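Both counts, for ligands and for their atoms, begin at 1 and track the order of listing. Computed from heavy atoms alone, side chains included, the values below leave out hydrogens, waters and symmetry copies. Owing to the predicted nature of the structure, the values given are computational and were not obtained by experimental measurement.
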Amino acid sequence: MCGIIGYCGPKPMANVLVEALKRMEYRGYDSAGIAVRSGSELTVIKRAGKIAALREAVPAEIPGDCGIGHTRWATHGGVTDHNAHPHLDASGKVAVVHNGIIENYAVLREKLSADGVEFKSETDSEVIAHLIGRLYEGDLTATVQQVVQLLKGTYGIAVLHIDEPGTVVGARNGSPLVLGIGEHEMFLASDVTAILGHTKQAIYLEDGEVVTVTADEYRTTDLNDRKIDKNIQIINWELEEIEKGGYQHYMEKEIFEQPDSITRAMQGRLDHENATGHLGGLNMTKKELLDLERVKIIAAGTSYYAGLVASYLIESIARIPCTVELAAEVRYRNPIVERNSVYFAVSQSGETADTLYAMRELQRKGARVLGICNVVGASIPRESDGGVYIHSGPEIAVASTKAFTSQLTALYIFTLLIARMRHMSLEEGTRFVQALEEVPERVSEVLQSAPAIAELARKYHSARSFLFLGRGINYPVAFEGALKLKEISYIHAEGYSAAEVKHGPIALIGPETPSLFLVPDDALREKVISNMKEVQARDGRVIAVCVEGDHEVAALADDVIMVPKVHELMYPFVMTVPLQLFAYYTALELGRNVDQPRNLAKSVTVE
Ligand code: F6R
């Protein structure tokens with residue numbers, strides 16, 4: 001979604017701002033712009049379309065002592081140069097970039113229009129610039145503190161004023177904003193990837209905070225100008241991690257990183273002697289863990305599917321009821337928080353609005369909510385009552401891949417921990433630990449099938465629609481496979497339980513609609529084979545993901561992808577990776593924009 005950058009310092013403005021916007025491209029956007037302050041001049045350049053269009057319009061050098069920039073993902077008003085940020089006030093002295101949604105913008109706009117203000121865009125954001133322009137009396141910080149109190153909704157903003165040399169003021173409510181502290185330079189950004197090339201020292205703003213930034217100083221306050229002391233945190237990502245490192249796409253790189261990212265997610269968290277998990281960040285006593293009667297998981301998209309896989313595991317080996325719910329649905333149905341329950345908010349970005357707001361509502365009702373997140377310092381981990389970082393490293397491709405398998409890893413370790421406190425024996429625990437530790441190696445083996453999967457993508461890429469079918473713990477993997485394919489190739493795909501096909505979806509089966517079956521050698525294998533035969537009897541083409549040496553399935557299916565044999569609970573890892581590759585290569589065949597598929601944003605910070 002939208003990205004913000006602000007800069008105060010000596011480096012060439014145009015370069016710093018445009019480069020930072022480029023780093024945030026992955027979030028998804030449809031227009032971009034910058035504003036640079038110099039003397040009595042404000043240079044504003046905005047373009048609909050890609051950063052490349054903006055870069056072309058921006059002169060190599062724009063003199064200036066501070067600047068702001070923005071990538072916009074349209075919500076209010078179409079994708080036009082006018083609607084792109086920064087927005088100016090009527091005097092042209094104030095420039096504002098805004099992430100989030102101003103819910104009362106229509107009322108504010110009406111009032112301003114009645115006072116004679118002419119709006120240049122259809123956005124909700126422009127009202128902020130006009131309000132600041134009208135209320136400014138020589139102190140930008142004070143004006144921002146005053147104006148944000150008139151706003152309802154969510155915002156992360158960066159503002160500059162012609163009369164305040166070398167100064168950018170930022171404020172946040174519900175949309176992330178981070179201050180980057182460099183050597184005689186400061187940055188404001190919505191995303192640390194924008195500033196990683198310059199500094200690793202960061203301060204994360206909280207809702208209701210305002211920051212005033214110059215090249216050498218910063219001051220954080222609340223809305224009543226009371227000073228707030230903030231801790232500087234060190235960003236633990238490396239610049240190389242946000243580069244493609246020789247791969248054609250970020251998604252390809254991130255799929256291939258999984259043996260490492262899964263290993264990182266389990267590092268230091270497995271206690272071999274006691275065959276259990278060790279998760280320091282849960283902030284739960286042994287007694288609280290032992291007393292747990294219910295686990296609930298809230299999440300969106302791919303993270304939701306990771307939660308669904310975990311629910312099978314938690315119920316089967318820890319024998320605790322576990323429910324998984326779409327976060328967007330939880331918030332508005334007045335959820336019941338039960339005693340001795342724990343919630344997990346699973347989110348790669350840690351900023352997904354649906355998940356964050358649901359978490360807050362649950363906390364208001366007294367729930368203990370733990371985060372399973374990747375981005376350190378994001379809103380969900382900061383506001384949760386504890387949790388686990390998955391340490392996947394930056395996930396830049398819009399389609400989530402390595403975060404999914406690392407979320408699974410964290411949830412598997414949590415399950416092991418509570419299972420060992422209950423029914424699981426030392427021997428079973430030891431087998432589970434060994435099996436989990438073997439996963440990175442097995443995933444490496446799956447990755448060797450990439451050329452064969454690319455071949456399959458060539459064969460099937462013209463299909464109009466796909467069914468992904470699995471059962472048991474691999475049933476949610478079918479959902480994830482379908483989501484990957486639809487979001488990056490734009491081919492319609494649905495995940496179903498293989499058993500459910502005969503209850504309706506079988507009507508879709510025919511040569512045009514291939515089915516991809518997940519057939520691990522688990523207790524449900526025979527049943528899945530029967531479901532495969534039902535599909536084939538109706539002229540459905542079948543790709544089977546099955547276990548090496550499964551000649552029966554290989555002989556039945558039109559095409560197969562072989563995965564190594566693993567512990568039966570570890571199949572979600574090795575079955576997901578081929579589906580990621582299949583989606584990736586299919587999207588390549590179709591010439592799609594793999595890393596930034598149409599209409600999608602990496603971090604969905606609106607409801
Ligand atoms: C799919 C995808 C999305 C996200 C969803 C939640 O590939 O990336 O479905 O999984 O938007 O995002 P997070 O995990 O950041 O909360």
Side-chain angles (χ1 to χ4, degrees), residues 1 26-28 73 175-176 190-191 193 249-252 254-255 258 261 265 297-310 324-331 343-360 369-384 387-390 392-408 410-411 468 476-477 479-490 493 495 576-577 579-584 587 592-607:
M1 296 223 140
Y26 78 98
R27 296 170 63 96
W73 189 81
S175 283
S190 52
D191 186 323
T193 54
H249 295 101
Y250 283 112
M251 182 174 178
E252 182 190 17
E254 287 158 11
I255 292 172
Q258 288 177 106
S261 52
I297 300 175
I298 58 163
T302 287
S303 300
Y304 169 72
Y305 298 141
L308 279 180
V309 172
V324 190
E325 224 184 318
L326 288 171
E329 295 302 320
V330 173
R331 184 181 179 201
Y343 283 79
F344 280 102
V346 184
S347 172
Q348 185 284 130
S349 62
E351 298 292 353
T352 299
D354 288 327
T355 311
L356 179 62
Y357 299 161
M359 166 174 138
R360 287 180 183 158
V369 186
L370 307 176
I372 302 240
C373 297
N374 187 32
V375 179
V376 175
S379 302
I380 292 175
R382 276 187 296 121
E383 293 185 29
S384 61
V388 185
Y389 279 118
I390 58 173
S392 303
E395 193 181 66
I396 306 287
V398 163
S400 188
T401 52
K402 63 177 178 173
F404 177 81
T405 45
S406 293
Q407 288 164 343
L408 287 187
L411 288 162
F468 284 73
V477 174
F479 290 142
E480 173 57 7
L483 177 63
K484 283 294 88 87
L485 187 69
K486 77 179 104 177
E487 67 185 334
I488 63 164
S489 74
Y490 318 149
T576 298
V577 176
L579 307 192
Q580 297 168 340
L581 288 167
F582 184 68
Y584 172 71
R592 307 297 191 218
N593 184 347
V594 176
D595 284 336
Q596 289 162 35
R598 70 182 180 201
N599 306 339
L600 294 178
K602 181 65 185 164
S603 169
V604 185
T605 50
V606 293
E607 273 192 275

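- Test Phe468, Phe404, Phe479 against Tyr305 for ring pair (Phe, Tyr, Trp, His ring centres under 6.0 Å) and you get one pass: Phe479.
- Backbone and side-chain nitrogen or oxygen atoms of Val398 are examined, and one is located within less than 3.5 angstrom of a nitrogen or oxygen of ligand 1.
- Below 3.5 Å of separation, one finds an N or O of Thr352 facing an N or O of ligand 1.
- Nearest protein neighbour of atom 5 (C) of ligand 1, counting heavy atoms only, is Ala300 O, 3.7 Å.
- For ligand 1, the atoms sitting less than 4.0 Å from at least one non-hydrogen atom of Ser347 are 13 (P), 14 (O), 15 (O), 16 (O), numbered in the order shown with element in parentheses.
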(request) Would you please test Val388 and Leu370 for side-chain contact (heavy atoms from CB on, under 4.5 Å) and show each step? (result) CA-CA 8 Å; Val388 185; Leu370 307 176; over 6 Å; no

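- Shown in contact with Lys484 at under 4.0 Å from a heavy atom are these atoms of ligand 1, numbered in order with element: 1 (C), 7 (O).
- In terms of protein heavy-atom proximity, atom 15 (O) of ligand 1 is closest to Ser349 OG, 2.7 Å.
- Here is the list of ligand 1 atoms found below 4.0 Å of a heavy atom in Ser303: 10 (O), 13 (P), 14 (O).
- Within the model, atoms OH of Tyr357 and CD1 of Ile380 stand 10.5 Å from one another, a figure rounded to the nearest 0.5 Å.
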(message) Quick one, Glu383 with Arg360, criterion salt bridge (Lys or Arg N to Asp or Glu O under 4.0 Å). Give me CA distance, side-chain angles, the key distance, then yes/no.
(response) CA-CA 8 Å; Glu383 293 185 29; Arg360 287 180 183 158; 2.8 Å; yes

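- By the 4.5 Å heavy-atom criterion applied to side chains, Ser349 and Lys602 are not counted as neighbours.
- Counting heavy atoms from C-beta on, the side chains of Thr401 and Glu254 come closer than 4.5 Å.
- Considering backbone and side-chain N/O atoms, Gln407 never comes within less than 3.5 Å of an N/O atom of ligand 1.
- Put simply, the side chain of Gln258 reaches to within 4.5 Å of the side chain of Val577, judged on heavy atoms.
- Between Ala410 and Ile390 the shortest heavy-atom distance is CB-CG2, 4.0 Å.
- Looking at atom 11 (O) of ligand 1, its nearest protein heavy atom turns out to be Val604 CG2, 4.1 Å.
- Looking at Lys602 against ligand 1, nothing comes within 4.0 Å, counting heavy atoms.
- For atom 7 (O) of ligand 1, the closest non-hydrogen atom of the protein is Glu487 OE2, 2.4 Å.
- Atoms of ligand 1 lying under 4.0 Å from any heavy atom of Gln348, numbered from 1 in the order shown and given with element: 13 (P), 14 (O), 15 (O), 16 (O).
- A donor-acceptor pair shorter than 3.5 Å cannot be found between the side chains of Asp354 and Tyr304.
- Thr302 N, 4.0 Å is the protein heavy atom nearest to atom 4 (C) of ligand 1.
- On a distance-only criterion, Thr355 and ligand 1 share no N/O pair closer than 3.5 Å.
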